[in-house]
Amino acid sequence: MTNKNYILCILCFVMTLNVNAQDFEFHYGAGLDFVQVGSYWSPGLVVAPRLNILNLSDNASLGVATEASFLYYSTNNGVMELPEDRVGFDVPLMAVVNVGRAATEYSIEQMGFKVGVGYSFGQLTLTGQDYEIVEKSDGPVIMGGVRFAAFGNKTISFDVSQAFGRGTTRGSLNSLAVRFLYNFKDY
């Protein structure tokens, strides 16, 4: 079995824990991000659903989440070193521990943090006048971030994730993502 299959099995096992003991909590957010695949950076939009599968306390939970990024950037300034168009995606699937702000529906903390580990699927397609380069990056990912109250007690998140990829055009192709999220579900 490959590493990808092991990680998917672990995520499926974690999702089946505590099925009858409590109701699941669904949280979601959206925002902006900057993702680096190889040596190329690209801005994008991100959607971030999270399913809490186990509430450890009023201020801590264990869940599964993704922070799927959809990337697009266009440069039409005639610079030959840069590609004219960049499109792609970055989709990390993670098991996440949440503590403090927005960890559960009962949390009343003003600050919180999250850490996660999982597997990331990513690709950045670079298109120029006479070429197209596809950079893929699939591999293990780690993530860490903070949540805090802003804009009238709404929850804002800032996080960074690092994927240790196995690229298709090179031996190793890592990706780095910096995300700013607005959380829609506040209690």
Side-chain angles (χ1 to χ4, degrees), residues 2-4 7-8 11 26-51 63-96 98 101-102 113-148 150-151 154-186:
T2 65
N3 287 341
K4 187 186 320 182
I7 292 171
L8 290 175
L11 285 176
F26 183 70
H27 299 258
Y28 51 94
L32 301 172
D33 65 347
F34 292 93
V35 177
Q36 177 189 22
V37 178
S39 61
Y40 301 102
W41 281 92
S42 187
L45 300 174
V46 61
V47 293
R50 181 183 92 222
L51 180 65
V64 291
T66 186
E67 295 181 346
S69 302
F70 306 98
L71 312 168
Y72 176 75
Y73 183 65
S74 179
T75 59
N76 289 327
N77 57 6
V79 178
M80 295 309 238
E81 297 85 31
L82 292 175
E84 292 179 6
D85 295 302
R86 305 173 191 190
V87 294
F89 62 88
D90 181 52
V91 183
L93 302 173
M94 301 173 285
V96 180
N98 304 284
R101 179 108 186 146
F113 69 91
K114 55 186 174 177
V115 293
V117 62
Y119 198 85
S120 180
F121 305 90
Q123 176 175 315
L124 186 61
T125 303
L126 311 166
T127 306
Q129 215 170 25
D130 299 323
Y131 61 89
E132 181 175 283
I133 301 170
V134 177
E135 299 284 0
K136 291 186 179 183
S137 175
D138 297 342
V141 64
I142 57 173
M143 181 270 300
V146 296
R147 292 189 189 99
F148 52 92
F151 308 115
K154 297 295 181 185
T155 302
I156 303 296
S157 298
F158 169 76
D159 66 62
V160 176
S161 66
Q162 174 72 53
F164 303 96
R166 297 170 301 178
T168 56
T169 59
R170 300 181 193 150
S172 176
L173 188 62
N174 298 332
S175 66
L176 176 69
V178 179
R179 297 181 177 92
F180 304 95
L181 300 170
Y182 174 82
N183 295 284
F184 291 105
K185 191 172 184 180
D186 278 322

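Side chains included, hydrogens not; waters and symmetry mates left out as well; all remaining heavy atoms used. Note that the structure is a prediction, hence the values are computed from the model and not measured.
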| Is the shortest heavy-atom distance from the side chain of F121 to the side chain of D138 under 4.5 Å? | yes
| note | By side chain to side chain contact (heavy atoms under 4.5 Å, CB included), A163 pairs with (sequence neighbours left out) S120, V141, S175
| query | Would a 4.5 Å heavy-atom cut-off, applied to side chains only, mark F89 and V35 as touching? | reply | no
| query | With a cut-off of 6.0 Å (strictly less than), are more than 12 heavy atoms of other residues, nucleotides or ligands near CZ of F34? | reply | no
| note | d(K114 NZ, R101 CZ) to nearest 0.5 Å is 13.0 Å
| request: Say whether R147 and T155, considering side chains only, have a donor N or O and an acceptor N or O under 3.5 Å apart. | output: no
| note | Sorted by chain and number, sequence neighbours left out, ring pair (Phe, Tyr, Trp, His ring centres under 6.0 Å) with F180 holds for F158
| message | Does any part of the side chain of D33, heavy atoms only, come nearer than 4.5 Å to the side chain of E67, both counted from C-beta? | response | no
| Is the closest side-chain heavy-atom distance between S69 and V46 below 4.5 Å? | yes
| message | Measuring only between side-chain heavy atoms, which start at C-beta, is H27 closer than 4.5 Å to N98? | response | no
| field | Closest non-hydrogen atom pair between L181 and A48, with its separation | value | CD1-CB, 3.9 Å
| note | Taking every heavy atom of S161 against every heavy atom of R179, the minimum-distance pair comes out as OG-NH1, 2.9 Å
| said: With side-chain contact (heavy atoms from CB on, under 4.5 Å) as the criterion, how do Y119 and L93 come out once you've worked through the C-alpha distance, each side chain's angles and the decisive distance to 0.1 Å? | reply: CA-CA 5 Å; Y119 198 85; L93 302 173; 5.5 Å; no
| said: As an exercise, state the distance from OH of Y28 to OH of Y182, rounded to the nearest 0.5 Å. | reply: 9.5 Å
| task | Please round to the nearest 0.5 Å and tell me the distance separating atom CG of N183 and atom CD1 of I156. | result | 7.0 Å
| For A68, side chain to side chain contact (heavy atoms under 4.5 Å, CB included) partners two or more places apart | V47, T66, F70, V91
| remark: Heavy-atom nearest pair, G145 first then D159, reads CA-CB, 3.5 Å
| task | Taking the side chain as every heavy atom from C-beta outward, state whether L176 and V160 have any atom pair closer than 4.5 Å. | result | yes
